[in-house]
Amino acid sequence: MPRPILATIHPAALQHNLMRARRAAPDAKAWAVVKANAYGHGIERAYEGLRSADGFALLDLDEAQRVRSLGWRGPILLLEGVFEARDLELCSRLDLWHAVHCDEQIDMLAAHKTNVPHRVFLKMNSGMNRLGFTPERFRSAWSRLNALPQVDEISFMTHFSDADGQRGIQHQIKVFNQFTRDLPGERSVSNSAATLRHTRPDDDAAQGNDEALASDWIRPGIVLYGSSPDFPEHNITDWDLLPTMTLSSKLIATQSIDTGASIGYGSKFVAEHPTVVGVVACGYADGYPRICPTGTPVLVAGVRTRTLGRVSMDMLAVDLTPLVAAGQAVGFGTEVTLWGRASNGVVLSIDEVAQHAGTLGYELMCALAPRVPVQVQVQD
Ligand SMILES: *Cc1c(COP(=O)(O)O)cnc(C)c1O
């Protein structure tokens, strides 16, 4: 028998979350962002739940090829464009749309031999200062692209640095609108946070925003995977999102320890009263963060409790005291949910676990370890 650890992907939840993103921007087309192997879910496993998207956005050419292999004939967008000239051949062959964010990519296009002109997304650096042409250089990049026989339609994109937080997106929208105003073509600006927080017109009115956010294509990523883009300001219940990945395991031992006894490496937890401890077959080699301290939430038999002491490579300890006090039978083989949905329907958001690790749901789902078997939940 393998260890009892298991990740379960929920296609119905993926579908629900995509619809939730669409509801925030009903007139826009939606890219399902499936980079990083669909945020750790597995492109092939996530595909069924996301196939009602208008297109798939990602950045690895192998992943683009995998989406085509699944039979997807619609749009695929390479969010970072090509990395070397021969990538353009694959773009031609697989009909991939690609971002153009720097002069080198225009040079490669100009030298590319193709009968089929490419659809490109010209990217503006409107303040994130990672990828894209500065507003001042944007028009000359557009003119160069527009003159190339290798280029068909030109669309426009930019990416927000603070859609989830205080600073917001107004300063970037203003620049983007100003420098694209009279250029013909579709626009794509909104990630998950912008889609949920800034797309509704009444929202903008309420905030006194003067610049309209026009996104012909939204680009939701994290929201599809059941993690709140602005946790803890809003949690997944506030946004009506469902967890799409459950990491579950089982108790493989219990210990009853006395006051003063410690648990695990470094004796990081010392019992202040007699404590019943469960030992779970899950550790940092499964992708559960070692940095999670005592008190990180966990579900045992669908009941919320906490971790105790240091997470080790293959195991972690949980506090069974509340379950025992409630007269619940727990022991070897009892279900443990590290994040996601327990069998009894109780949900522990990946965002809460991430918060205890000082990180985001993004990092945890992407870091699911290769040794964890993954199953796709049968639709119910
Ligand atoms: C990853 C990414 C997104 C999706 O971001 P989320 O915060 O996961 O919604 C959108 N656009 C670009 C360019 C990205 O790289």
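Whatever order the structure lists ligands and atoms in, that order sets their numbers, starting from 1.
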Closest non-hydrogen protein atom to [atom], residue and atom name please, with distance?
atom	value
atom 2 (C) of ligand 1	Lys35 NZ, 2.5 Å
atom 9 (O) of ligand 1	Ser192 OG, 2.5 Å
atom 7 (O) of ligand 1	Tyr362 OH, 2.5 Å
atom 12 (C) of ligand 1	His159 CE1, 3.4 Å
atom 11 (N) of ligand 1	Arg219 NE, 2.8 Å

Roughly how far, to the nearest 0.5 Å, is the CG atom of Leu308 from the CG atom of Leu316?
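Going from the CG atom of Leu316 to the CG atom of Leu308 covers 9.5 Å.
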
Minimum heavy-atom separation for Leu18 and Leu224, please, with both atom names.
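What the structure gives for the nearest pair is CA-CD2, 3.6 Å.
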
Measure from atom 8 (O) of ligand 1 to every heavy atom in Tyr39, Phe121, Trp31, Phe160 and give the option owning the shortest one.
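That would be Tyr39.
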
Does [atom1] in [X] sit with more than 12 non-hydrogen atoms of other residues, nucleotides or ligands closer than 6.0 Å?
X	atom1	result
Arg371	CZ	yes
Gln255	CD	no
Gln355	CD	yes

Distance filter under 4.0 Å to Ile222 heavy atoms, resulting ligand 1 atoms
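In order of numbering, the contacting atoms are 6 (P), 8 (O), 9 (O).
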
For the 3.5 Å polar cut-off, considering only N or O atoms, please tell me whether Leu79 and ligand 1 meet it.
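In fact, backbone or side chain, Leu79 has no N or O that close.
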
Indicate yes or no: does an N/O atom of Val223 lie under 3.5 Å from an N/O atom of ligand 1?
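So ligand 1 has no N or O lying under 3.5 Å from an N or O of Val223.
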
Aromatic plane relationship, Phe121 with Trp217 - under 30° parallel, 30 to 60° tilted, over 60° perpendicular:
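The rings of Trp217 and Phe121 stand perpendicular, inter-plane angle above 60°.
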
Does the distance from a Lys or Arg side-chain N to an Asp or Glu carboxylate O, for Lys29 and Glu186, drop under 4.0 Å?
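A salt bridge is present here (some side-chain N lies under 4.0 Å from a carboxylate O).
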
